[in-house]
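See below for the structure under consideration.
Both counts, for ligands and for their atoms, begin at 1 and track the order of listing. Because the structure is predicted, anything quoted here is derived from the model rather than measured. Note: hydrogens, waters and symmetry copies are ignored here, and every other heavy atom, side chains too, is used.
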Amino acid sequence: MPRVFSGIKPTGDMHLGNYIGAVSRWVEDQDRHDALFCVVDLHALTVPWNPAELTARTREVATLLMAAGLDPDRCTLFVQSHVPEHSILTWLLNNLATYGELHRMTQFKDKSKGQESVSVGLFDYPVLMASDILLYDTDEVPVGDDQRQHVELTRDIAQRFNHRFGDTFVVPKATFPPAGARIMDLQNPTAKMSKSDVSPEGTVLVLDDPKVVAKKIKRAVTDSGSEARYDPETKPGVSNLLELHAALTGGTIAASEREFAGLQYGALKTAVAEVTVEALRPVRERYAELAADPAELDRLLAIGAEKARSMAAPVLERAYRHAGLLMPGGASATT
Ligand code: AQP
């Protein structure tokens, strides 16, 4: 079975974009793939953080992943910092990534814009992400569109390493959902729905009360005209709603467009509100049950970390050997 790896940052409340672009697909992937999913807490350190909040959010996100349907018996679910090989490989790969490449990353440009001081960690984020992926001989990385550039860089680093030191890393490919790869903010449909650029009315949270979910969708900004047509350039608000509808009904954008042809925007909003509430309802209910037992969560995450380490350690050793680092006991790439 192909190996799949992906992760989510515990930087804020999980939103509908995370759910559609990534998490709901992970749930499907766990049966068709050898799948690893990770709460990437080390990535959360690349922006200022509050320690107690980070601990709480790490548990919250892991619980939400299970509530959404990730099953620790069917996939490997763990917390990034529990597997030190991620940080260790990052140092090795730092020496293959270039300053120019990292400087060109759109996410770095966006997140560093206007900041008085920018951490080395924020700059190095894509190399940590490359390590996350390459450490597990990953074939596929299911992500939202915003992570496309980072997975491309991961491929470049893997190919560069293999070219210099011999076949070491599997070169992974990113996979995207047919609809919903970039869910936009409901109040500002030209900006991505996001955890940290919080726009309370424009962001549907996975744990929002169903009434709140429906209200946010019904108040979504639409465009001039009244025709429900998919055209992200001139009709970003309506296109976002059509994309949400397609993603949550498992259909195509064209099919959603046909369904609402000739109808007012209000009909589209009502339908999107309904499918969103129904998609999130079971997650919210299951979350309440799982959150009542944090000790069980910690136990499951410890098992996940052990499984992940057993897969990561031989890959790290392979990379060390091929790079010519002397192994304890004297073995090297040439012995
Ligand atoms: N708006 C989105 N539409 C579709 N997919 C999205 N993802 C994020 N936003 C959208 C995907 O969700 C996964 C986890 O995201 P992340 O936690 O690693 O961080 P991110 O991509 O940077 O997302 P956020 O929510 O915008 O967080 P902040 O604001 O903290 O940076 C990824 O697969 C991502 O593509």
Side-chain angles (χ1 to χ4, degrees), residues 4-29 35-50 53-54 57-58 60-62 64-65 68 70 79-80 86 105-113 115 121-122 125-126 128-130 132-133 138 140-154 172-200 202-207 216 220 232 236 239-241 243-244 246-248 276 279:
V4 156
F5 174 94
S6 202
I8 180 163
K9 288 194 301 263
T11 39
D13 296 314
M14 192 192 289
H15 55 72
L16 191 57
N18 299 132
Y19 181 76
I20 291 176
V23 176
S24 62
R25 299 164 59 220
W26 302 353
V27 174
E28 290 169 16
D29 280 339
L36 293 106
F37 301 111
C38 186
V39 180
V40 287
D41 54 347
L42 297 173
H43 283 276
L45 307 183
T46 57
V47 290
W49 75 97
N50 169 300
E53 220 173 273
L54 176 64
R57 286 214 182 274
T58 301
E60 181 187 285
V61 170
L64 262 171
L65 292 177
L70 290 189
V79 174
Q80 185 186 29
H86 290 245
M105 292 292 119
T106 312
Q107 183 174 294
F108 174 71
K109 286 189 202 160
D110 289 346
K111 290 202 184 267
S112 58
K113 198 158 48 186
Q115 303 292 328
L122 183 64
Y125 180 116
L128 178 58
M129 181 164 157
D132 299 339
I133 296 167
T138 301
E140 291 176 19
V141 191
V143 282
D145 188 57
D146 59 324
Q147 294 299 330
R148 190 182 289 270
Q149 200 184 22
H150 288 162
V151 181
E152 271 307 310
L153 179 69
T154 301
K173 70 166 200 258
T175 64
F176 305 96
R182 183 178 286 262
I183 298 298
M184 309 308 268
D185 187 292
L186 297 173
Q187 288 300 317
N188 178 12
T190 55
K192 168 182 103 100
M193 194 177 279
S194 147
K195 280 196 240 87
S196 44
D197 278 336
V198 185
S199 144
T203 309
V204 173
L205 305 181
V206 172
L207 289 180
K216 285 180 181 175
S239 301
N240 195 34
L241 291 171
E243 192 133 355
L244 281 171
L248 292 169
T276 308

We want to know whether [X] and [Y] form a side-chain donor-acceptor pair, criterion being a heavy-atom distance below 3.5 angstrom.
X	Y	result
Gln187	Ser199	no
Thr175	Arg25	yes
Asp132	Gln80	yes

At a 4.0 Å threshold, what atoms of ligand 1 neighbour a non-hydrogen atom of [X]?
X	value
Val143	33 (O)
Gly21	4 (C), 5 (N)
Thr11	30 (O)
Ala22	12 (O), 13 (C), 33 (O)
Ala181	3 (N), 4 (C), 5 (N)
Gly180	4 (C)

**Q.** Shortest reach to atom 14 (C) of ligand 1 by a heavy atom, considering only Asn240, Thr203, Asp110, Asn18
**A.** Asn18
Please state which protein non-hydrogen atom is closest to [atom] and give its distance, to 0.1 Å?
atom	value
atom 17 (O) of ligand 1	Lys195 NZ, 2.5 Å
atom 21 (O) of ligand 1	Asp146 OD2, 2.5 Å
atom 5 (N) of ligand 1	Gly17 O, 3.1 Å
atom 3 (N) of ligand 1	Ile183 N, 2.8 Å
atom 9 (N) of ligand 1	Lys192 NZ, 3.2 Å
atom 18 (O) of ligand 1	Lys9 N, 3.7 Å
atom 29 (O) of ligand 1	Ser196 OG, 2.3 Å

Q.
Below a 4.0 angstrom heavy-atom separation, can you tell me which part of Met184, side chain or backbone, both or neither, approaches ligand 1?
A. neither
Q. If you measure from each non-hydrogen atom of Lys111 to ligand 1, which part falls under 4.0 Å: side chain, backbone, both or neither?
A. side chain
Q. What's the verdict on side-chain contact (heavy atoms from CB on, under 4.5 Å) for Asp185 and Ser194, showing C-alpha distance, side-chain angles and the deciding distance?
A. CA-CA 8 Å; Asp185 187 292; Ser194 147; over 6 Å; no
Distance-only, no hydrogens or angles: does the [X] side chain make a donor-acceptor pair with backbone N or O of [Y] under 3.5 Å?
X	Y	result
Asn240	Met184	yes
Thr203	Met193	no
Glu243	Gly180	yes
Lys216	Pro200	yes

For the atom pair [atom1] ([X]) and [atom2] ([Y]), what is the distance rounded to the nearest 0.5 Å?
X	Y	atom1	atom2	answer
Asn18	Ile8	CG	CD1	4.0 Å
Met14	Arg57	CE	CZ	11.0 Å
Ile133	Leu153	CD1	CG	9.5 Å
Ile183	Leu241	CD1	CG	9.5 Å
Ile20	Thr276	CD1	OG1	6.5 Å

Give yes if a backbone or side-chain nitrogen or oxygen of [X] is under 3.5 Å from a nitrogen or oxygen of ligand 1, and no if not.
X	answer
Tyr125	no
Ser6	no
Asp145	no
Gly144	yes
Pro142	no

**Q.** Whether Tyr125 and His150 hold their rings parallel, tilted or perpendicular, with breakpoints at 30° and 60°
**A.** tilted
Q: Using non-hydrogen atoms of the residue, decide whether His15 is closer than 4.0 angstrom to ligand 1.
A: yes
**Q.** Ile8 heavy atom under 4.0 Å from ligand 1
**A.** yes
